[in-house]
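Some notes on the structure that comes next.
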Amino acid sequence: MTFHPPKLGVGMIYATALRPFLERRPDALDVLEIEPQTLWLADDPIDGPFFEFTPGVDQYAALPGHKLVHSVGVPLGGTRSPDSDHLALLRQTAERLSSPWVSEHLSIAGTPHQSAGFLLPPLQTEAGVAQAVSNIEKFAAGVDRPVAVETGVAYLSRKSFEMPDGCFVSQVVERAECGILLDLHNLYCNHRNGRLDWDEFLSQIPLDRVWEVHLAGGEERDGFWLDSHSGTIPDDLTARSLEVLQSLPNLGALNFEIFDTFLERFTTDEFDRTVDDLRHLWSETGRAKSDARPAAIDPPAPTPAPDPAQWDAVLTDAVWKAQTQVTEWEENTEALTLYAFLARSFRGSILARSLPRLLRYLLLRDGAVVEARLKRFYADSDPKLYAPLECQAFAAWLRNDGETDAWALALLDYDIALLEIIRRGAPIVVSFPGDPTTVFEGLAIRDLAAPPPTRPWEIEILPDVFAVEDFAQASLS
């Protein structure tokens with residue numbers, strides 16, 4: 001390995017909700033990590049063309065500190081080879097921000113070509129290693145930067161035909177000659193949920209290839225500890241992380257992850273305590289010198305195993321279509337049910353944030369029936385991964401599902417217009433069946449007060465009323 005990452009320091013995944021904390025403590029963080037696909041637009045989820053929402057990147061670039069690019073749309077463990085148009089955009093962003101390396105997930109099912117709406121674990125066989133190595137090599141060539149692959153969370157149990165998690169990661173990164181983004185909260189989840197042993201995993205990976213570490217908070221659900229990025233770092237994880245970081249000689253950055261919806265609820269004390277914990281951990285990095293190589297592990301006994309394409313297809317369908325009774329993996333019914341729930345929650349959050357007026361109107365009008373209707377949409381329509389496209393798919397589905405309420409359809413057009421205007425760059429006129437003032441006021445106080453249609457009423461939406469924060473809140477992350 002010839003790349004030695006620069007010592008950037010401690011940071012966080014950037015979201016607009018982080019700005020008030022940075023304004024109060026501008027020197028709190030050394031690094032801000034951007035997930036560039038949250039600032040992308042696409043005319044089609046597969047064929048594109050793809051565009052960067054440049055004002056959002058401009059705002060991010062102007063912030064102080066080092067910048068890192070953490071891709072969230074080109075998972076490297078599956079059978080879908082990285083898209084050249086995606087790589088061109090990632091390379092452009094990495095060059096502009098002087099990102100020393102670019103990271104992406106060692107996962108599957110996160111591209112529009114084959115998406116479950118949630119990242120899933122790769123197949124940990126020799127064929128899976130070869131697939132991942134091929135993807136990483138193409139990814140690295142496309143972004144023209146050193147690449148680090150993120151170790152993922154896996155709620156499934158490891159299959160008898162699979163190699164141990166750490167051995168899989170080790171083989172992939174050694175053969176691809178890339179780095180590791182060691183997500184210690186993902187490892188914590190996998191240990192706590194019984195998939196693996198923390199110490200065994202760490203003994204199996206080349207610690208000198210760890211360039212970056214992620215930490216986060218989580219929560220309990222249905223007997224699983226979730227990587228939900230929902231709060232502060234658990235105390236026992238902080239303690240165990242200290243031991244790990246002391247053994248990482250080439251660590252370049254230590255980043256904390258929290259979803260913006262939870263960051264909005266963060267108190268200043270929680271932020272300060274998290275930064276202090278990160279600083280303390282960073283101060284101990286690389287203090288324990290060791291030349292120990294990864295432990296040698298016997299390969300699993302030969303047993304029939306699916307090929308990577310079959311693995312991708314079965315898991316994707318099981319989660320996206322909620323087909324959780326996968327015969328050959330009956331022991332994973334609970335885990336697949338959890339994945340299906342998380343995927344639907346994620347898609348639901350996109351719709352709720354991108355179509356807030358429509359969804360509130362439907363909930364006030366129909367109550368609990370809305371949830372059943374959304375489930376039908378999730379089953380009928382594959383995830384699009386870009387908020388505007390997901391909303392357009394829902395709009396088409398809603399009309400085909402028999403929606404005729406003129407006010408609901410007008411609110412749908414209005415919400416979608418607020419998304420499309422950043423792509424069109426020109427005014428958009430939305431028609432209502434009457435004066436919408438009463439409806440908007442009623443939605444604000446959760447009171448359905450839709451008058452009967454009277455005469456057509458039009459609202460013109462101008463591009464200059466749309467802010468970067470509006471896009472960030474509506475985008476996929």
Side-chain angles (χ1 to χ4, degrees), residues 1 75-77 103-108 119-126 128-129 132-133 136 148-176 178-218 224-227 229 233-251 253-255 257 281 284-286 288 290-301 332 335:
M1 179 181 66
L76 299 171
S103 56
E104 179 54 277
H105 299 77
L106 188 57
S107 304
I108 68 169
L119 291 173
L120 302 175
L123 177 65
Q124 295 182 174
T125 62
E126 288 294 335
V129 170
V133 170
I136 293 167
V149 292
E150 178 174 343
T151 57
V153 67
Y155 301 118
L156 300 173
S157 62
R158 183 168 62 88
K159 304 296 172 285
S160 61
F161 50 75
E162 291 187 286
M163 63 183 70
D165 292 35
C167 294
F168 176 74
V169 171
S170 180
Q171 288 200 29
V172 168
V173 301
E174 294 284 11
R175 286 169 54 178
C178 67
I180 299 173
L181 193 174
L182 178 60
D183 191 313
L184 287 177
H185 189 259
N186 285 348
L187 177 57
Y188 177 81
C189 290
N190 293 343
H191 173 87
R192 185 163 171 167
N193 294 332
R195 178 179 170 98
L196 53 71
D197 178 82
W198 171 286
D199 293 319
E200 285 184 5
F201 177 89
L202 292 171
S203 74
Q204 294 162 0
I205 67 172
L207 297 178
D208 58 339
R209 286 191 179 272
V210 178
W211 302 344
E212 182 178 350
V213 162
H214 277 179
L215 285 167
F224 293 88
W225 184 261
L226 302 185
D227 181 44
H229 300 180
I233 307 166
D235 290 340
D236 56 338
L237 174 56
T238 300
R240 302 207 73 174
S241 298
L242 180 60
E243 300 174 5
V244 178
L245 267 68
Q246 290 174 337
S247 303
L248 303 180
N250 292 314
L251 188 67
L254 172 61
N255 286 317
E257 295 183 291
L281 291 170
E284 297 293 318
T285 297
S290 173
D291 57 1
R293 300 307 300 162
I297 304 293
D298 293 332
N332 283 141

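- No side-chain donor-acceptor contact under 3.5 Å links His191 and Trp225.
- Atoms SG and CG, on Cys189 and Leu196 in that order, are 10.5 Å from each other to the nearest 0.5 Å.
- Considering only heavy atoms from C-beta on, Arg195 comes within 4.5 Å of Arg158 through its side chain.
- No side-chain donor-acceptor contact under 3.5 Å links Ser170 to the backbone of Cys167.
- Taken to the nearest 0.5 Å, the CG atom of Asp165 stands 9.5 Å off from the OG1 atom of Thr151.
- The line from CG of Leu207 to CD of Gln246 is 12.5 Å long, rounded to the nearest 0.5 Å.
- Checked against salt bridge (charged side-chain N to carboxylate O under 4.0 Å, His left out), Asp197 has no partners two or more places apart in sequence or in another chain.
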Residues Leu245, Glu284; criterion side chain to side chain contact (heavy atoms under 4.5 Å, CB included); working and verdict: CA-CA 7 Å; Leu245 267 68; Glu284 297 293 318; 5.7 Å; no
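- When every heavy atom of Glu212 is checked against every heavy atom of Ser103, the shortest pair comes out as OE1-OG, 4.2 Å.
- Residue Ser241 comes nearest to Leu184 through the heavy atom pair OG-CD1, 3.5 Å, listed as atom of the first residue, atom of the second, then distance.
- Contact annotation: the side chain of Leu123 never approaches that of Phe168 to less than 4.5 Å [non-hydrogen atoms, C-beta and beyond].
- Residues passing the ring pair (Phe, Tyr, Trp, His ring centres under 6.0 Å) test with His229, sequence neighbours excluded: Phe259.
- Contact of the Val244 side chain with the Val210 side chain is not registered, since no non-hydrogen atoms from C-beta on lie closer than 4.5 Å.
- Heavy-atom minimum distance, Val149 versus Ile136: CG1-CD1, 3.6 Å.
- Interatomic distance, CG of Asn186 versus CD of Glu257, reported as 7.5 Å (0.5 Å rounding).
- The environment of Asp235 atom CG is sparse: at most 12 non-hydrogen atoms of other residues, nucleotides or ligands sit within 6.0 angstrom.
- Atom CG in Leu202 sits 8.5 Å away from atom OG in Ser247 (nearest 0.5 Å).
- Contact check for Val173 versus Ile205: no side-chain heavy atoms found under the 4.5 Å cut-off.
- Asn190 and Ala154 make their closest contact through OD1-N, 2.9 Å (heavy atoms, listed as atom of the first residue, atom of the second, distance).
- Nearest approach of Leu187 to Trp198, heavy atoms of both residues: CG-CE3, 3.6 Å.
- For the pair Val169/Gln204, no side-chain contact is recorded, criterion being any heavy-atom separation below 4.5 Å from C-beta on.
- Side-chain contact between Leu281 and Leu215 is present, with heavy atoms from C-beta onward closer than 4.5 Å.
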Side chain to side chain contact (heavy atoms under 4.5 Å, CB included) assessment of Tyr155 paired with Asn332: CA-CA 9 Å; Tyr155 301 118; Asn332 283 141; over 6 Å; no
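- In this structure, Arg209 CZ and Ile180 CD1 are separated by 8.0 Å, a value rounded to the nearest 0.5 Å.
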Intermediate values then yes/no, side chain to side chain contact (heavy atoms under 4.5 Å, CB included), His214 and Glu150: CA-CA 9 Å; His214 277 179; Glu150 178 174 343; 4.0 Å; yes
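- Counting all heavy atoms, side chain and backbone alike, Ala216 lies closest to Leu237 at O-CD2, 3.9 Å.
- Considering only heavy atoms from C-beta on, Val213 comes within 4.5 Å of Leu251 through its side chain.
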Steps toward salt bridge (charged side-chain N to carboxylate O under 4.0 Å, His left out) verdict (Asp199, Arg240): CA-CA 10 Å; Asp199 293 319; Arg240 302 207 73 174; 3.4 Å; yes
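- Side-chain contact check for Pro122 versus Ile108: some heavy-atom pair is nearer than 4.5 Å.
- In this view, Glu126 and Arg175 satisfy the salt bridge (charged side-chain N to carboxylate O under 4.0 Å, His left out) rule, not counting sequence neighbours.
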